[in-house]
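Let me begin by presenting the structure, written as structure tokens, before commenting on it.
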2 protein chains.
Amino acid sequence: MTTQAVFRALADPTRRDILVMLAREDMTIAEVSEHFDMTRAAVKKHLSVLQEGELISVRIEGRARVNHLEPHALILASEWLDSFRRFWDDRFADLHQAIEAEKSKDNKND
Amino acid sequence: MTTQAVFRALADPTRRDILVMLAREDMTIAEVSEHFDMTRAAVKKHLSVLQEGELISVRIEGRARVNHLEPHALILASEWLDSFRRFWDDRFADLHQAIEAEKSKDNKND
DNA sequence: TTTAAATGATACCAAAAGGTATTATAAAAG
DNA sequence: CTTTTATAATACCTTTTGGTATCATTTAAA
């Protein structure tokens, strides 16, 4: 697990969506695929990238592969970002409202 | 500024290194380039990506372009990750030591 | 045991990413 | 004005990325 593997995994919007989905419940490849307009093979590739970055783990149940969120690696990214916190902490309150506005725009664009 | 633009900007190790450098002091393209084994043009491209993600701003001083860290966008990424915090908070203490070990390996691999 | 379901594996393709080299501009210095 | 410095812009190249299609493999079900 490297910082690079984690940030690379987070760089794709499909993969970030998959993480959000897996935060709610474990899912098979087929179940994850239902939520996207792409082939199962493409989704499988994204899941492989997430697994390489160790953001998810997989357990095999019969013929199914059940994907499970592994938050461990996310801590790495979170801590990397935290090292910049001194630059924004003192004006965080001022910025908070602006960020909320940005985030609502975001949902339409991502 | 979108979540996508921010995570895309963070996906490259050179760009993350640039952010760390700019956290210490504002720098021109030439100054940033001195720290990397690539052409100024390549560094300029990375700076453009960082600017598109609004992780840096640029002010023009004569013929120089001075790059400046803008932590605002980093908050967006930080908050996105924080939404997963409930998955790791209760076992954070257990994981902390393992993460420190991972990070020291990291510095060699990134 | 045949068949259907879930996934794995491979080859292939187009677009994007990361890089170089080259040429053009704009501003400071002599 | 000429020259040097700092950067911009463009064309080009190679590798990676995100996707498809196809075929093989494994497991559950009829």
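A, B, ... follow the sequence lines: proteins, then strands. Residue 1 opens every chain.
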**Item:** Rounded distance in Å - CD1 (A/Ile60) to P (C/dT7)
**Value:** 10 Å

**Item:** Residue pair A/Val49 / A/Arg8, side-chain heavy-atom distance below 4.5 Å
**Value:** yes

**Request:** Take the protein atom CG of B/Asn67 and the nucleotide atom C1' of D/dA8, then report the distance between them rounded to whole Å.
**Result:** 14 Å

**Asked** Given atom CD of A/Glu52 and atom P of D/dT17, what is their separation to the nearest angstrom?
**Response** 9 Å

**Asked** Expressed in angstrom and rounded to an integer, what is the separation of A/Ile18 atom CD1 from D/dG19 atom C1'?
**Response** 14 Å

**Prompt:** Side chains of B/Leu10 and A/Leu81: does their closest heavy-atom pair fall under 4.5 Å?
**Reply:** yes

**Message:** So, does A/Arg40 get its side chain near the phosphate of C/dG8, meaning an N or O under 4.0 Å from OP1 or OP2?
**Reply:** no

**Message:** OP1 or OP2 of C/dA6 versus the side-chain N and O atoms of A/Arg65: is any pair under 4.0 Å?
**Reply:** no

**Complete:** Taking C/dG19, D/dG18, C/dA4 as options, the one with an atom nearest any side-chain atom of A/Arg63 is C/dA4

**Request:** Report the distance from atom CD of B/Glu61 to atom C1' of C/dA26, rounded to the nearest whole Å.
**Result:** 16 Å

**Earlier contact from the 5' end, DNA chain D, for B/Val66 and A/Met38** = B/Val66

**Prompt:** When clusters are formed by joining ILVMFWY residues with side-chain heavy atoms under 4.5 Å apart, either directly or through shared neighbours, do B/Met21 and B/Leu19 land in the same one?
**Reply:** yes

**Message:** Let me spell it out: for each of A/Ala41 and A/Ala11, pick the nucleotide of DNA chain D with the closest heavy atom. Which residue's pick is nearer the 5' end?
**Reply:** A/Ala11

**Asked** Rounded to the nearest 0.5 Å, how far does CZ of B/Arg65 lie from CG of B/Asp26?
**Response** 13.0 Å

**Prompt:** Think B/Thr39 has a side-chain N or O under 4.0 angstrom from the OP1 or OP2 of C/dG19?
**Reply:** no

**Request:** Indicate yes or no for a side-chain donor-acceptor contact from B/Arg85 to the backbone of A/Ile75 under 3.5 Å, with no hydrogens or angles considered.
**Result:** no

**Message:** Strictly below 4.0 Å: does A/His46 bring a side-chain N or O up to OP1 or OP2 of D/dT17?
**Reply:** no

**Message:** Whole angstroms only, please: what is the CG-C1' distance between B/Asp12 and D/dT16?
**Reply:** 12 Å

**Prompt:** How many Å lie between CG on A/Leu50 and P on D/dT17, as a whole number?
**Reply:** 14 Å

**Item:** B/Leu47 CG - C/dA17 P separation (whole Å)
**Value:** 16 Å

**Message:** Does C/dG8 have OP1 or OP2 under 4.0 Å away from a side-chain N or O of A/Lys44?
**Reply:** yes

**Fill in**
Assert: residue with more 5' nearest nucleotide on DNA chain C, out of A/Lys45 and A/Ala64, is A/Ala64

